[in-house]
Structure formats: structure tokens, C-alpha cells
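Provided herewith is a single structure, encoded as C-alpha cells, for subsequent inquiry.
Proteins get letters first, then strands, A, B, ... in listed order; numbering begins at 1 in each.
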Amino acid sequence: MMDYGYSEEGRQASLGDLQLWRRILHFSAPYKLGLFGAVVISLFITWATLTLPYLVQTAIDGSITATQLPSAERVAGLARNALFYGAIIIGVFFASFFQILVLEWVGQWVMHGVRQSLFSHLLHLDLPFFNTRRTGQLVTRLTNDIQNMNEMFTSVIVTLFNDLLRLLGILVLLFWMNPPLAALMSIFVPVALIITIFFAQLARERFRAIRSQLAKLNSFLSETLSGIGILQLFGRQETSRRTFEDLSAGYLHRTLSQIRLFGTFMPLTEFLSSAAVALILWYGGGEVLQQRLTLGELVAFISYMRLFFQPLRELSQKYSIVQSAMASAERIFQLLDTKSIIDQTLTPVTIANLQGKLEFRNLLFGYEPNNLVLHDISFTLRPGQTVALVGTTGSGKTTLVSLLLRFYDPQEGQILIDDRDIATLDLKQLRTLVGVILQDVFILQDTLLANIIMDTGCGRQQVEEILTRTGMDRFVNKLPHGLDTPIGDGGTELSTGEKQLLSFARVLCRNPAILVLDEATAAIDTESENILEQAIADSFQGRTSLIIAHRLSTIRRADHIIVMARGKIVEQGSHEELLSHNGHYALLVAMDLQNGH
Amino acid sequence: MNINTSRLDSKDGNRRIPFTQLRDLLLPAFRRYRLRILGGLAALIIVDFLQLIIPRFIKQGVDALEALTVTPSGLLRLAGIIVLIAVFVVFLRFTWRYLIIGFSRLLEQMVRNQIFAHILKMDAQFFEKRTTGDLMAHSSNDLSAVQMACGMGVVAAVDALVMSLAAIGFMIAIHPLLTLLALLPMPFLAFTTRVLSAKLHKRFATVQEEFSELTEFSRSNLISIGLIKAYTMEAFQTDRFDRLGKRYVRSNLRVAVIQGLITPLATLVGSTGMLMVLYFGGCLVIEKTITLGDFVAFITYLYMLIWPMMAIGWVANLVQRGLTSLDRIYGLVTSQSTLPDPIFEKEPERFAQPGFRLTDLTFTYPSGKSPVLHNLTLNLDPGMHGVTGRTGSGKSTLCQLLVRLQPLADGMLLFGGMEVNHLPLAFTRSHIGYVSQEPILFSDTIAANISFGRPDAGREDIIRAAASAAIHDDIMTLKEGYDTLIGERGVKLSGGQRQRLALARALLCNRPVLIIDDGLSAVDVATEHEVFAGLKRHFHGKTVVIVSNRIKLLSMTDHIIVLADGTVQSEGNHEHLLATNSLYQSMFTKQMQQDSQEEVVLP
């Protein structure tokens with residue numbers, strides 16, 4: 001359910017990577033109006049925050065300390081300032097609120113766009129890609145990395161932009177009021193920045209250490225929880241308690257070191273702020289004494305300095321967020337740039353009036369180039385013919401199906417449907433033409449009906465018709481609410497046999513020209529087995545079908561049997577022929593009879 | 001889902017202060033680290049006072065400047081004092097942070113270890129009620145809520161209290177009425193922060209829930225990418241993902257509305273106080289009631305109050321959340337195992353060849369309405385026993401009862417002639433080797449997984465056990481052989497390989513009882529048969545219970561029990577059942593029919 005502390009050796013993306021910024025901006029292009037609005041609001045907020053101390057200052061200088069004026073006029077001047085002050089703070093309130101909303105709105109929708117294109121891109125990548133990647137990592141890209149990027153839009157752009165603008169504004173104001181004092185104050189900027197960046201980098205390392213330890217702790221915990229029974233039965237509680245305490249102590253150790261780091265750096269900015277005030281009091285005070293600075297300006301200086309250090313403190317936090325967001329963005333874009341090895345042809349051929357002839361021609365294939373899994377496989381299925389593939393695990397049967405679906409391309413040779421190379425077909429069309437019933441099934445958290453129909457657009461009636469015809473309605477009727485039974489997580493759990501039945505129903509709904517069945521290896525309950533047998537008998541009639549068979553009842557139904565071993569075809573023929581050959585097939589049968597009863 | 005349930009059972013935790021929980025869970029840590037806490041609090045309070053003193057010096061300076069009674073050297077002295085105080089503050093801030101936040105981490109660790117040690121003692125019924133996700137949440141979210149409350153919560157509460165009292169005190173000393181005016185908007189801030197952050201918490205929980213949904217959706221799709229492609233579900237699933245994503249965006253925006261209110265609101269309230277001071281305070285200066293220095297110091301104190309006011313609302317939520325979490329953790333660590341675990345006065349002698357005797361055994365799962373097993377009377381003496389029956393007939397439950405994962409009433413089960421409830425769990429279990437239906441392995445090397453029950457076993461013993469379970473050859477094909485890491489970060493094994501490893505693990509223990517709950521179901525019939533034929537000698541004199549639906553395996557046993565709807569339908573040897581039991585007959589016919597020809601395909 002959760003991704004406990006995602007710790008990845010992130011690449012140090014540089015903030016100045018223009019290429020990256022350009023791509024991020026590209027995704028935000030549709031929302032430029034919103035972004036523009038946010039910038040305008042930002043300018044207003046900056047102006048307003050800087051005006052407030054100025055209003056106090058002019059109130060002090062122009063009214064409060066203007067002893068030469070009559071009291072009534074001084075109070076009236078004060079009231080004007082106060083009124084203006086009140087108007088601005090209300091304005092700031094609304095502006096800040098809208099700014100946060102607008103940026104969140106933009107950020108969320110941009111991220112939604114990125115997430116969608118990444119998801120769709122991933123689903124369209126080919127299987128060789130997935131063989132080299134860990135699912136967890138890809139999921140992290142889709143979730144945590146995108147979340148990270150989103151941080152940039154919401155918290156970072158607001159604060160970074162506002163803060164930088166404010167820093168700049170304050171500096172300008174200070175220089176306008178009193179250049180020498182301002183110049184003195186600006187010493188603090190590089191000091192604070194260096195401390196900040198140094199701290200951000202250290203903090204990042206500590207955070208990573210903490211997160212990776214937490215991930216270890218949590219994965220140990222989750223493993224323990226899922227194996228608790230075994231753990232207790234084998235009497236290993238004490239050992240695992242010790243391991244856990246070690247991990248826990250390691251975590252504590254790392255958090256304490258982080259606390260020390262924060263304890264050192266957090267007070268430093270406070271210190272700088274106090275030091276700046278002291279400096280203003282000493283130097284500025286001297287200036288006041290020499291009448292080069294008014295008292296109001298001195299007070300304003302002190303207020304501005306406070307405003308000055310707040311953004312600096314925040315910058316240190318945001319700095320690491322931006323950095324990690326950039327790293328995330330880089331990883332995401334890298335993934336988006338990954339291309340499938342399997343080329344989708346640009347000018348796909350469409351086959352009209354499909355006959356259903358299927359030919360495997362001189363196939364040579366290995367998942368790794370120098371480790372061949374299939375050696376020169378050739379055979380042909382005539383339209384309507386049923387062929388059974390038989391062989392031990394690892395003989396290459398499943399690989400053949402993967403090639404037929406173009407999950408991989410063969411090193412040599414071709415697969416042809418109606419004499420057309422499948423590489424020239426549109427992938428989607430190919431996979432619609434060839435219906436596969438696999439051992440495993442992907443279950444949507446939905447009703448059984450939705451799981452059968454998916455995106456085929458079949459109606460309920462049609463589904464019922466298919467189910468009745470193939471006898472699979474018996475399986476549906478067993479479920480508490482028939483077709484409307486929710487299945488998947490939190491719904492009814494399906495057995496292996498029932499899953500295969502679902503898979504069957506799904507494929508029949510699509511009415512494919514060629515059927516491929518990967519029969520369940522595991523024992524399935526007798527009831528499902530009976531239903532399945534009937535369904536097979538019914539739907540393979542007159543349809544080109546290829547079966548990876550594990551049951552003799554199925555094998556015997558085939559017109560032709562191909563025996564495979566170690567990636568080669570070793571024998572083929574009908575059941576009787578093969579038995580009379582007294583070869584591979586017959587030997588296996590004989591061996592089994594010996595073992596049996 | 002998990003979040004919902006935990007929210008529900010936390011309801012009553014909000015109403016009262018759970019004193020027992022505080023005492024039992026937190027007091028030991030507070031007592032153990034009392035000096036640390038006291039030191040930290042002292043540092044914190046001193047920091048607060050020093051911070052309040054700085055404006056006094058600023059006031060002095062400004063007043064002196066206005067009255068032109070100050071010399072440059074006097075100014076330098078003032079500035080020097082401020083810097084000196086600031087240095088001292090840096091040091092003290094480090095101290096309180098290290099002591100108090102450090103304490104919260106120490107406390108977190110103590111409670112975490114306590115939770116884990118407790119979980120290890122719990123029985124199957126406990127784990128049936130609580131999912132792994134729930135328990136993980138306890139040890140991460142709940143624990144960090146408690147940690148936050150005891151760390152930053154304590155700091156913020158003390159800090160806010162001291163700062164606000166002192167700042168208000170100073171302000172009153174300057175001018176009481178002006179203080180009242182300046183503070184008028186503050187309670188409003190404390191109140192709204194509290195309301196808003198409670199609401200924020202709720203909306204944020206929704207966001208998190210949807211985030212995990214998104215994660216789960218992506219995970220399940222990517223993990224079955226082959227299936228998605230085979231059924232050309234790419235566009236279909238992208239659509240579904242889009243719907244989830246849009247819902248997630250909307251929930252995030254709902255959070256943003258609140259988040260967008262909190263900070264600007266605080267600023268607004270703070271500035272309103274400032275406005276009051278500007279106007280009324282300014283008037284007071286004009287009337288010469290207060291000095292300009294008072295006025296400036298007043299503004300500084302007001303700034304100091306904004307944070308404590310915000311903190312009050314924040315702390316209240318933090319503490320409440322901490323207490324709720326504490327309540328949940330307390331419920332966890334005080335839950336009792338339903339399995340009695342008596343302690344022997346002196347270690348009893350181990351049973352040489354124990355068997356089980358079941359008398360009228362009836363068992364119902366806590367969540368179930370009707371018994372899964374009823375009135376089971378059976379003798380499982382040394383020898384091989386096969387158990388078979390349809391799905392749901394109670395085979396696995398029987399195994400769980402035998403290995404003492406589920407509780408039983410007295411008088412239903414004797415082990416080695418003794419009432420099981422009178423035997424310590426560890427003692428009983430140390431006699432039993434168990435192979436579960438779902439092979440559970442751990443992220444470690446293959447060798448360590450096999451020697452799980454006997455960590456001291458030598459490599460030869462491990463290899464022998466692996467060979468008996470027909471997994472040795474598979475292991476040797478791996479690059480690092482027995483030292484190959486498996487699990488999350490290691491090599492992925494097939495279901496059949498995992499099952500054979502689990503069998504090797506049980507065999508290595510060489511315990512007098514072996515219970516195999518359909519333990520080789522993912523292995524083909526021929527291999528399974530071969531493994532057990534090889535083990536027959538090994539099983540001599542032991543009580544072996546094998547659950548299976550494969551006739552070939554069952555026929556090897558001395559005694560077969562056919563379970564139907566939780567009772568013994570029939571028992572006897574293969575021939576007997578073949579002659580008398582219709583279920584067994586039909587299984588036989590069906591399997592022989594396939595068998596005689598079919599298994600050709602499987603090896």
C-alpha cells in the first residue's frame with residue numbers, strides 16, 4: 001500500500017539544466033495563463049510585504065515623531081497610514097490564498113498530464129524493457145517522482161519566487177534608504193547563502209540515510225509479519241527480535257545524527273538575524289547621531305532585516321526540494337525517452353477476410369542473443385486446425401506464444417498469418433486477431449461482467465449468450481451474484497480454474513480468429529475442469545487453435561501434436577502416430593505408466 | 001481501507017485522556033530520561049527569556065537615540081551584548097533540540113521495539129483481525145504521531161506558553177490597554193488554526209488513501225504487463241488510470257483550499273494586531289503616554305506572539321493525534337494471544353515419538369459463523385497420514401490447529417498423550433516440522449532459508465536436506481549456489497522451487513512430527529511422487545500428516561482421512577477408501593484417466 005521511504009541513488013540534477021526546464025515548461029504550456037496570474041500575484045505580494053514596514057516608518061517619521069505638527073494633524077496622518085495598512089493586509093490575504101490555489105491547480109494538472117503520458121508510455125513499451133526493470137522502480141517513477149515534481153510547482157515556485165523577489169526588493173529598498181548601511185547588510189546575503197546550501201546538502205545526505213534505514217526496517221517488519229506463523233513454528237522469535245532491534249537502533253542513530261545537524265544549523269540563521277540587528281543598532285545608531293539616518297528609517301531597517309532572514313531560512317529547505325524535484329524530473333523524462341525495441345511499422349497492413357492460416361517459419365530466438373531458446377522452428381496451422389504443443393518445462397512452448405504476440409521479435413525467421421509477416425501488422429490488430437487464454441489473468445476490481453467485457457463493447461446479453469453456449473454459465477451461476485459479483489481485491493476470490501474460465505470468456509468476447517490456450521499446469525478443481533473441457537470442445541471447433549497442452553484429454557482433441565524439447569521440434573503427428581513411432585512421446589507415456597498404477 | 005478502520009476505532013480515543021496508556025507506554029521512557037528532559041526544558045526556557053531580552057536592548061538603544069543621550073561607544077556596547085546573547089542562544093538551542101527531540105526518538109525506539117516484541121508473541125487469530133498494512137501503519141504512522149507529540153509537541157507547547165506569557169507580560173508592563181487591543185485578534189487565530197488543521201488532516205488522509213490506490217493500480221498493471229498487452233488493454237487501462245488520477249487531483253485541490261487559508265490567515269491576524277498597535281500605539285506616543293522605544297519594543301513583542309498563537313492550534317492537533325495513536329498502539333501491545341502458553345516449572349523431557357489424539361474437536365474462526373471443523377475424532381499416531389477433501393473441507397484449518405497456530409478448548413487435542421493447552425507453545429512446536437500451502441521464505445541466502453529452524457546446521461546437512469526435497473540441482477544452476485540471495489532484492493524463484501525449499505527447511509529440522517499442507521502443489525505429480533518415495537525411509541517412526549488431493553501421493557500413506565464439510569467422511573487405507581468412499585473413487589477415476597497418459601507432458 002505504501003512506499004516506505006523511497007531511497008534511490010538519485011543523480012545530482014543540476015538546477016541549471018536548461019533542457020530539463022524546457023521540458024517541464026512544455027508540460028505546463030497549457031496553463032500559462034494560470035502561471036502568469038501567479039507571477040502577477042507574486043509581484044503584488046512582494047510589493048505589499050515591503051510596503052508594510054515602510055508605512056510604519058512613515059507613520060513614525062511623518063506623524064508620531066513629527067512634534068512640530070499639531071496633534072490632530074499627526075493623528076489624522078497616522079489614521080491614513082493605518083487605513084492603508086489595513087487595506088494592504090486584506091489584499092495580501094486574498095492574494096496569497098489565490099496564489100496558493102492557482103499554483104496547486106496548475107501543478108496538479110500538469111502532474112496529471114505527466115503521469116498520464118508516463119503511464120500510457122509504459123504500457124506501450126515492449127516486454128524486453130520490463131525484463132530489465134524492477135516494477136517497484138517504475139511504480140516509484142509514476143507516483144513518488146511525480147509527487148516530487150509537483151512539490152516544485154506548489155511550495156517551491158510560490159516560496160522561491162516570492163522569497164527571491166522579496167530579498168531583492170528589500171535590498172533595493174535598503175540601498176534606497178541608506179546605501180552604506182545597506183552595503184553593510186548585504187554582507188549577510190552570501191554568508192547566509194553559503195550556510196544554507198552547505199546545510200541543505202548535508203541534510204539531504206542524512207535524510208537519505210534515514211530513509212534507507214527506515215525502508216530496511218519496514219521491509220523487515222513486513223516480511224516478519226507475512227511469515228509470522230513460520231517464524232513461530234521454527235522458534236525464531238528471539239533472533240528476529242534481535243535483528244529488529246539492531247535495525248531500530250541503526251535508525252535511532254541516524255535520526256540523532258540528523259538532530260545534531262539541525263541543532264547546529266537551525267540556530268545559525270537566528271544568530272545571523274540577531275547579529276544583523278546588533279550591527280544596525282551600532283552602525284545605524286551612529287548614523288542617526290550624525291543625522292544621516294532618521295529614527296524611523298532605523299526602525300524600518302530592523303523590521304526589514306527580520307523580513308530578510310525569513311526567506312533565507314526557507315530557501316535552505318526549498319533548495320533541497322528543488323534539487324530532488326529536478327532529479328525526479330530527469331528520471332521521468334529519461335523513462336519517457338525510452339523507446340521500444342520492437343518497432344511498430346508505420347504503414348501497417350490490414351488483413352481483410354481472414355482465413356486463419358498460421359505459419360511459423362525457421363524461427364530462431366533467444367532472450368539473450370547467444371543463448372538460443374528456439375532453434376529453427378517451423379510448422380503451419382491450416383485454417384481451422386487445432387495443434388497441440390507438448391513438451392517439458394523449458395522446451396520453448398511459452399516462448400513461441402510470446403513471439404506470436406510479438407512481445408519479442410525473433411532473431412531470425414518469421415511468423416505469418418495468412419502469409420503475411422506479423423511484423424507488418426498493426427500491433428493492436430495482431431493482438432486482437434490472436435486471442436490468448438493464459439494461465440494467469442489480470443483482474444480488474446470490478447464485477448465479473450465488467451471483467452469479461454472490458455473494452456470490447458459487448459452487451460450483457462451477448463456475454464450471457466457466449467457463456468451459455470460454452471457451458472460456462474455454470475461457473476457464473478455458482479457465484480453469489482452471478483455476473484454482477486465483484487471480484488478481485490475485496491471481492492470474491494477466484495480459484496485457479498475459475499480464473500482460467502474468466503480468461504476464456506474474455507477472449508471469446510473478442511471473437512479472435514486464432515485462439516491460443518496455455519493450459520493451467522496446476523491442478524484445478526474438478527468442476528471447473530469439466531466446464532473448461534466443454535468450453536474448449538465448443539470454441540475450438542472450426543477455429544485455428546494452438547494449445548500448450550498439459551492434459552491428455554486436450555491433446556487428444558488436437559488434429560496434430562508437436563512435441564518440443566530444448567527449443568526444437570522432436571516429433572509431430574497424431575496421438576496414434578506418435579505412439580506407434582515409439583519415440584519421444586511414447587517414451588514419456590511409457591515412463592508415466594510405470595510410475596503410475 | 002486500513003485508514004478507515006483505524007479512524008473508526010480511534011473515535012473513543014479522542015474523548016478522554018488515556019491515563020493508563022500514558023502510564024504504561026510513555027512513563028517508563030519519561031522516567032528513564034528525566035534528566036535529559038529537564039535539561040532540555042531548562043535550555044528551552046532560558047532561550048525564550050533571552051529572546052525576550054533582546055528587544056529590551058533594542059528599545060534602550062532607540063530611546064537613547066531619540067533622546068540623543070547615547071554615545072557611539074554606548075551603542076557598540078549594546079550591540080556587543082546582543083551578539084553575546086545571540087551566541088549563547090545558539091548554544092542553548094542546540095542543547096534543547098538535541099535533548100528533547102532526541103528524547104522523542106529514544107522513546108519512539110523503545111515503543112517500536114515493544115510493539116515488535118509483542119507482535120512476535122501473537123497468534124493466528126490476532127493476525128486474522130489485523131492486516132499487515134494495519135500493523136505496518138501502527139509501527140510507522142502511529143509511532144511517528146506519538147514521537148511528534150512527545151518531541152516537537154512538547155517543545156512547541158512549552159515554548160509557546162513561556163513566550164506568550166512573557167511577551168504578554170512585557171507588553172502589559174508597557175501599556176495594558178494597548179496589549180488588550182493588540183491581542184484581540186489572537187484567539188481567533190488559535191481557534192481557526194485548530195479547526196482548519198483538523199480539517200486538513202482529514203482531507204489529507206483522503207489524499208493519501210488515493211495516492212496508495214494510484215500506486216497499487218500502477219503496480220498491478222506493470223507487474224502483469226504481459227497480460228495487459230495480450231488483451232490489448234493499454235488504452236482501456238490508461239483510461240481507468242486517468243479517472244483515478246483526476247480524482248486524486250481534485251482531492252489535492254481540496255487540501256490546497258485549506259492549506260492556502262492557514263498561512264495567509266495567520267499573517268492577516270498578525271498584521272491586524274500590528275494595525276491596532278500602529279494606530280492606537282502611535283496615538284499613545286503622540287499623547288506622550290508611551291515612548292517611541294516602547295512603541296518599537298511593543299511591535300517586536302507582537303511579532304513574537306504570532307508564532308505561539310499559531311502553535312497553540314498546531315500543538316492541540318499534534319497532541320490529540322498523538323493520543324489517538326497512543327491509544328491504538330496500546331490496544332495493540334495489550335492484546336492477548338488466545339493461545340494459552342503455560343510455563344513449565346522444569347523443562348519436560350522431549351517426546352520421542354509423539355502423536356496427536358483428537359477428541360470431538362470443533363473449531364470456528366472468530367470471523368466465521370459456523371464451525372469449520374466439527375466433532376473430529378481422530379488418532380494420528382506415528383506413521384504416514386494422508387488428508388484429502390474438497391476445497392473448504394477444513395484440511396488447512398486442521399493443520400493450523402495441529403501446529404498450534406489457532407486456539408482450542410481443553411480436552412480436544414492431546415499431543416504425546418498430554419493436553420496441548422498444558423504444554424508450552426515453544427515446546428510443542430519444537431517437535432513439529434511444517435510445510436505450508438503458500439511457501440513463505442525470507443530475504444536471505446538459500447542456505448540461511450533452509451537452515452531457518454536449525455541455524456547451526458552445517459553445509460552438508462543443508463545440501464542433504466535440499467537433495468531430499470529435489471531442489472539441490474536447481475540451486476546448483478544458480479550462479480552463487482547456496483549463497484544466492486532470494487526474496488525482494490535477490491533472485492526470484494518459481495512457485496515450485498519455493499515449495500521445495502520450504503520442504504527442505506522442514507526436513508532439515510528433523511523433528512518427530514511433520515505436517516505438510518499441500519506443500520508441493522506447484523510441483524508436478526511425478527517429481528512430488530519421487531520426493532516422497534525418497535523420503536519414506538526418512539519418515540520412519542515419525543508422525544507425518546500430508547494434505548493432498550493427488551491420489552498417487554495419498555496411496556503411499558498408511559492411513560487416509562477424507563474430510564467433507566469439516567467432518568471425517570471416511571478413513572482407512574487406499575484400498576479401503578477405493579472400495580467404500582465415493583468422493584475418493586471419483587477422484588481416483590478422474591486422475592487415473594488423465595494420469596495414465598497425461599503426465600507425460602508435465603515433467
*What residue, out of L261(B), V83(B), V296(B), has the most heavy-atom pairs lying under 4.5 Å from chain A?*
L261(B)
*May I ask you to decide if L120(B)'s main-chain N or O and Q232(A)'s side chain share a donor-acceptor pair within less than 3.5 Å?*
yes
*Relative to chain A, which segment of F442(B) carries a heavy atom at a distance below 4.5 Å: side chain, backbone, both, or neither?*
both
*Interface residue of largest heavy-atom contact number with chain A, from I54(B), T267(B), V285(B), L265(B), under 4.5 Å*: L265(B)
*Decide whether R510(A) and T232(B) meet the rule of one side-chain donor and one side-chain acceptor closer than 3.5 Å.*
yes
_Under 4.5 Å from a heavy atom of chain A, the part of A426(B) involved_ = neither
*Let me see the working for L233(A) and I432(B) under side-chain contact (heavy atoms from CB on, under 4.5 Å), right down to the final yes or no.*
CA-CA 8 Å; L233(A) 291 177; I432(B) 305 173; 5.9 Å; no
*Out of L268(A), L125(A), I302(A), L83(A), which one racks up the most heavy-atom pairs below 4.5 Å with chain B?*
L125(A)
*Against chain A, label L106(B) side chain, backbone, both or neither, depending on which of its atoms sit under 4.5 Å from a heavy atom there.*
both
*Under 3.5 Å, is there a donor-acceptor pair between the side chain of Q109(B) and the main chain of L252(A)?*
no
*Is chain A contacted by the side chain of T263(B), its backbone, both, or neither, given a heavy-atom distance below 4.5 Å?*
neither
*Could you check which of V89(B), I82(B), L76(B) has the highest count of heavy-atom pairs closer than 4.5 Å to chain A?*
L76(B)
*Looking at E287(B) and R74(A), does any basic side-chain N land under 4.0 Å from a carboxylate oxygen?*
no
*Is a side-chain donor or acceptor of K246(B) paired with a backbone partner of W109(A) at a separation under 3.5 angstrom?*
no
_side-chain contact (heavy atoms from CB on, under 4.5 Å) evaluation trace for R97(B) with I259(A)_ = CA-CA 7 Å; R97(B) 197 174 266 274; I259(A) 290 169; 4.2 Å; yes
*Heavy-atom distances under 4.5 Å only: say whether S240(A) touches chain B with side chain, backbone, both or neither.*
both
*For the candidates I280(A), L231(A), V434(A), V288(A), which exhibits the highest count of non-hydrogen atom pairs separated by less than 4.5 Å from chain B?*
L231(A)
_Closest non-hydrogen atom pair, V257(B) against F97(A)_ = O-CE1, 3.3 Å
_Aromatic plane relationship, F217(B) with F119(A) - under 30° parallel, 30 to 60° tilted, over 60° perpendicular_ = tilted
*Closest heavy-atom contact between L289(A) and L75(B)?*
CD1-CD1, 4.2 Å
_F94(B) and M266(A), any side-chain heavy atoms less than 4.5 Å apart_ = no
_Partner chain B: residue of F407(A), F244(A), Y85(A), F271(A) with the largest heavy-atom pair count (under 4.5 Å)_ = F244(A)
_Go through it in stages, so that I can follow the logic: the residues are S443(B) and E223(A), the test is side-chain hydrogen bond (donor to acceptor under 3.5 Å, both in side chains), and I'd like the CA-CA distance, side-chain angles, deciding distance and then a yes or no._
CA-CA 8 Å; S443(B) 304; E223(A) 197 175 86; 2.4 Å; yes
_Engaged part of I228(A) at the chain B interface, taking heavy atoms whose separation is under 4.5 Å_ = side chain
*So, for L278(B) and A59(A), which heavy atoms are closest and what is the spacing to 0.1 Å?*
CD1-CB, 3.8 Å
*Is it the side chain or the backbone of L142(A) that comes within 4.5 Å of chain B heavy atoms, both, or neither?*
side chain
_Positive for side chain to side chain contact (heavy atoms under 4.5 Å, CB included) with V139(A), one of L214(B), N221(B), T215(B)_ = T215(B)
*Is there a side-chain contact between F116(B) and S248(A), using heavy atoms and a 4.5 Å cut-off?*
no
*With a distance cut-off below 6.0 Å to the six-membered ring centre and an angular limit of 45° from the axis, does R431(A) pair with Y231(B) as a cation-pi contact?*
no
*Between chain B and each of L221(A), V277(A), L405(A), L272(A), count heavy-atom pairs under 4.5 Å; write down the option with the most.*
L221(A)
*Flag this pair as yes if the NZ/CZ of R505(B) is under 6.0 angstrom from the six-membered ring centre of F234(A) and inside a 45 degree cone about the axis; otherwise no.*
yes
*Can N113(B) and R241(A) be said to form a side-chain contact (heavy atoms from CB on, under 4.5 Å), step by step?*
CA-CA 8 Å; N113(B) 288 348; R241(A) 195 179 58 78; over 6 Å; no
*Below 4.5 Å from any heavy atom of chain B, which atoms of E238(A) appear? Answer side chain, backbone, both or neither.*
neither
*Side chain, backbone, both or neither: which part of A124(B) has a heavy atom under 4.5 Å from chain A?*
neither
*Identify which part of T272(B) has an atom lying under 4.5 Å from any heavy atom of chain A, answering side chain, backbone, both or neither.*
both
*When you look at CZ of F98(A), are more than 12 heavy atoms from neighbouring residues, nucleotides or ligands closer to it than 6.0 Å?*
no
*Evaluate the side-chain contact (heavy atoms from CB on, under 4.5 Å) criterion for residues I228(B) and F442(A): first the C-alpha distance (whole Å), next the side-chain angles of each, then the deciding distance (0.1 Å), finally the verdict.*
CA-CA 7 Å; I228(B) 303 275; F442(A) 187 82; 4.0 Å; yes
*asked:* As an exercise: rank V401(A), I230(A), V436(A) by heavy-atom pairs under 4.5 Å with chain B and give me the winner.
replied: I230(A)
*What part of C283(B) gets closer than 4.5 Å to chain A, counting heavy atoms only: side chain, backbone, both or neither?*
both
*Heavy-atom proximity to chain B below 4.5 Å, by part of V299(A)*: side chain
*Pick one of side chain, backbone, both or neither for L405(B), based on which atoms fall under 4.5 Å of a heavy atom in chain A.*
side chain
*Could you look at V87(B) and say if it's the side chain, the backbone, both or neither that has a heavy atom under 4.5 Å from chain A?*
both
*Sort L298(A) into side chain, backbone, both or neither according to what part of it lies under 4.5 angstrom from a heavy atom of chain B.*
side chain
*With a 4.5 Å heavy-atom cut-off, do L123(A) and K229(B) have their side chains touching?*
no
_Choice from I440(B), N252(B), N549(B) maximising heavy atom contacts with chain A below 4.5 Å_ = N252(B)
*Answer with side chain, backbone, both or neither: which region of I119(B) has an atom nearer than 4.5 Å to a non-hydrogen atom of chain A?*
both
*asked:* To the closest 0.5 Å, what do you measure between OG1 (T67(A)) and CD1 (I286(B))?
replied: 10.5 Å
*Checking Q237(B) against chain A: side chain, backbone, both or neither under 4.5 Å from a heavy atom?*
both
*Heavy-atom pair of closest approach, residues S96(A) and P264(B)*: CB-CG, 3.5 Å
*List the atom of A82(A), the atom of Y279(B), and the distance in Å for their closest heavy-atom pair.*
CB-CB, 3.9 Å
*Interchain contact, L292(B) with chain A, by part (heavy-atom threshold 4.5 Å)*: side chain
*Residue pair G245(B) / R115(A): nearest heavy atoms and the distance that separates them*: O-NH2, 4.0 Å
*Out of M233(B), M276(B), R250(B), which one racks up the most heavy-atom pairs below 4.5 Å with chain A?*
M233(B)
_Contacting region of V47(B) [heavy-atom separation from chain A under 4.5 Å]_ = neither
*Flag the one option from L122(A), L430(A), L256(A), T255(A) with the top tally of heavy-atom pairs under 4.5 Å to chain B.*
T255(A)
_Test your reading of the model: is there a side-chain donor-acceptor pair from Q116(A) to the backbone of T238(B), 3.5 Å cut-off?_
yes
